[in-house]
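Reviewing the structure listed below.
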2 protein chains.
Amino acid sequence: MRGKPTSLDIAHLAGVSQPTVSRALRGSPMVNEETRRRILAIAEQLNYKVDKNASGLRRQHAGTLALLLFEDPTPDESHINPFFFPMLGSITRACARHGQDLLISFQQFSDDWHAEYGDSHKADGLILLGYGDYLAHQGKLTKLVEQGTPFVRWGAVMPDQPGLSIGCDNVGGGRLAGEHLLAVGRRRIAFLGDASNHYPEFLDRYSGCDEALKAAGFSLDRALQVDAESAEDSGYAAALSLLGRGLPFDAVFAASDLIAIGAMHALQENGLRIPEDVAIVGFDDIPAARIATPALTTVVQDTIRAGELLVEALVHLVNGEPAERTRLPTSLVVRKSSGAVA
Amino acid sequence: MRGKPTSLDIAHLAGVSQPTVSRALRGSPMVNEETRRRILAIAEQLNYKVDKNASGLRRQHAGTLALLLFEDPTPDESHINPFFFPMLGSITRACARHGQDLLISFQQFSDDWHAEYGDSHKADGLILLGYGDYLAHQGKLTKLVEQGTPFVRWGAVMPDQPGLSIGCDNVGGGRLAGEHLLAVGRRRIAFLGDASNHYPEFLDRYSGCDEALKAAGFSLDRALQVDAESAEDSGYAAALSLLGRGLPFDAVFAASDLIAIGAMHALQENGLRIPEDVAIVGFDDIPAARIATPALTTVVQDTIRAGELLVEALVHLVNGEPAERTRLPTSLVVRKSSGAVA
DNA sequence: CTGAAAGCGCTTACAG
DNA sequence: CTGAAAGCGCTTACAG
């Protein structure tokens, strides 16, 4: 028997028909127990694996999910937000548990990715990951829904959105940051990050922080808000821009850790002490947050659970079952950058 | 026409036979130019995509490569070495360029992964990534070769290895580290990392550093070598163990940046100043190396090029063409941890 | 509980 | 340059 063994090979060896082999392998209840055992033993011994192409063709599905990671439109060898890496691990593991293979691809937002997967039967459903301008994105999501391509995305969870989103409670996370900064005595809190409906996650973080301040009789000052994308150099530039405004501030809430780390460099280079002069809080708890000096206080999202939920929801959708929007709780890790620990 | 369009749909619309559509789409030279254009236009308009399962079944290949990332046997939600992330990006892009889809999976070394892919036609070839005990690994590589599964791995490039390896010039990198430490006046250099044939990459880095020292009339002292895996806590523990030996040293060459960063924490917590008391050099240039305080001097591997080479080599192997072992050059980024900059 | 038959959507000799 | 035919290896009604 040259080449890979087929179900027909096994059928011959087991003295049964090929469909019976197929049934036995798929665990059909209408196969005699003793027959099944014989077939399984032979399959095991030949190291037989069901041919994915044949099976997929016949069943009209791929047994595969696709993870699309959107990169910010930086044309260089772009660094994807490290926040997504643990999620990647969690997603791969969850796929394995659900018997799904995982295709991965990096996309530009501008790419023509929306037709690529479903129509070619490469994947039964899509997982969409990546920050970026939501409004620019939205059109394609609508198109996916029209095509009937099952998909889930990580991002802001909003009422009337095309498709299914799973995200963390960004408002709650912002509130945690605001409450903490109030607790350590800060009042003039700058916000670094694009707080518009183009970046609804950032906007929610802003709003949450503002809520916390308002509950204490204060509020965020728009004059202390500077746009920034989730990247170190963007945070660096935003902090310089903030300093250039000449307004007093005693804390920075950055929309992401990358922004926070970039901002810390800019502030420190300008002679400001962290946390004495400026307390910093970030968002994401990427590995670098612990390594930064001082270590960064930040809002933690449960990326592991996030990955699992994304896969579970998508598997439901692929099977035509309902799945729910979910908003995951956040928590705060307090480190030295906010001055709350020695 | 409900459902996805097929080549037969296009054939009807174009008034040709279905095989002609197939030929036109695949760019066969024996299709009339005007016919081809008509077919392509219709395909475009219907948003037709070749069914991957059908095509793969007929052609007996998958058009897919699989990336297997091996995790260290830590049972927790293990953190994959961040060194591999840019490589991941590079690999996905290179696959896209070669028209290959990329399947990704995290594996334990102990898993039974070697039969999973080839036999099921899920992927035509494997890319193996991940540090780990090489000797434990080797048996499965041999098995892959026997099965005829095309694969490439990132790792130490050695003479009589099963299969094709691509790696960086670890000896050269170690030499750079050694020469640099000599140049900044250090003589008693500790090495943190498992320098045995279980971890040939680390061993090569050790040897390279030793070579550099010997060329200047010195050498590495085995009494200053402590085993460590590529993880922060392992580096932390190794540094403590080194301190416990009570031997004088004025520099640490860590087998990886993660080890170096863990070690820096341990040394600093024990009152040692970096670089004044101990100069540190790492290996990999992960993002955290820049963020560490002081910023870490380290040996850079060209991960972008590495990813491209891995994919190119694997595509050659899949097509039955020869591919070569390659050893990529390394370079040194000097930062504050080695005391060479202000 | 099992088998004979059909068919998923392509690609590729084989004729013309 | 184009078409009719076969077949990749499965899964799933349909009979029995």
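Each chain gets a letter, A, B and so on, in the order the sequences are listed, and its residues count up from 1. Quick caveat, the model's predicted, so the values are computed rather than measured.
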Do A:Met30 and A:Arg23 have side chains that get closer than 4.5 Å, going by heavy atoms?
-> yes

Bracket string, DNA chain D, 5' to 3' - pairs by Watson-Crick or G-U geometry under 3.5 Å, | interstrand = |||.||||||||.|||

Got B:Glu324 and B:His316 here, is their nearest side-chain heavy-atom distance under 4.5 Å?
-> no

Answer whether the closest heavy-atom distance between the side chains of B:Leu129 and B:Met87 falls below 4.5 Å.
-> yes

From CG of A:Leu8 across to P of C:dA4 the rounded distance in Å is 11 Å

From the candidates D:dT12, D:dT2, C:dC10, the one with an atom nearest any side-chain atom of B:Thr20 is D:dT2

Given side chains that start at C-beta, do those of A:Arg38 and A:Val16 come closer than 4.5 Å, heavy atoms only?
-> yes

Round to the nearest Å and state the distance from B:Asp51 atom CG to D:dC10 atom C1'.
-> 14 Å

Would A:Glu146 and A:Lys143 pass as an ion pair if we require N to O under 4.0 Å?
-> no

Using heavy atoms to find the nearest nucleotide of DNA chain C for B:Pro19 and B:Leu57 separately, return the residue whose nucleotide is more 5′.
-> B:Leu57

What integer distance in Å separates B:Gln60:CD from C:dT12:P?
-> 11 Å

Phosphate-side-chain proximity, B:Ser7 and C:dC10, N/O vs OP1/OP2 below 4.0 Å = yes

Quick one: which of C:dC10, D:dT12, D:dG9 gets closest to the side chain of B:Tyr48?
-> C:dC10

Does a salt bridge link B:Asp101 with B:Lys52, judged by any charged N lying under 4.0 Å from a carboxylate O?
-> yes

Return the nearest nucleotide to the side chain of B:Ala54; candidates are D:dT2, C:dC10, C:dT12.
-> C:dC10

Examine C:dC10: is either OP1 or OP2 under 4.0 Å from a nitrogen or oxygen in the side chain of B:Ser22? Give yes or no.
-> no

Distance, rounded to the nearest Å, where A:His121 contributes NE2 and D:dC10 contributes C1' | 15 Å

Does any non-hydrogen side-chain atom of B:Asp51 lie less than 4.5 Å from one of B:Thr6?
-> no

Specify the separation, in whole Å, of atom NZ of A:Lys49 and atom P of D:dG9.
-> 18 Å

Please state how far atom NZ in B:Lys4 lies from atom P in C:dC8, giving the value in whole angstrom units.
-> 17 Å

Mind checking whether B:Val152 and B:Leu317 have side chains closer than 4.5 Å, heavy atoms only?
-> yes

When all nucleic acid strands are considered with a 4.0 Å heavy-atom cut-off, which category describes A:Arg23: base, sugar-phosphate, or nothing?
-> base

Going by heavy atoms in the side chains, are B:Cys168 and B:Arg327 under 4.5 Å from each other?
-> no

Applying the ring-ring contact (aromatic ring centres under 6.0 Å, His included) test to A:Phe85, which of B:Phe83, B:Phe84, B:Phe106, B:Phe85 qualifies?
-> B:Phe85

Residue-level proximity of residues 30-41 of chain B to DNA chain C when a heavy atom falls under 4.0 Å = none

Proximal nucleotide (of D:dG3, C:dG3, D:dC10) relative to the A:Ser55 side chain = D:dC10

Below 4.0 Å: OP1/OP2 of C:dT2 and any side-chain N or O of A:Gln18 | no

Atom CZ of B:Arg59 to atom P of D:dA6: distance rounded to whole Å?
-> 23 Å

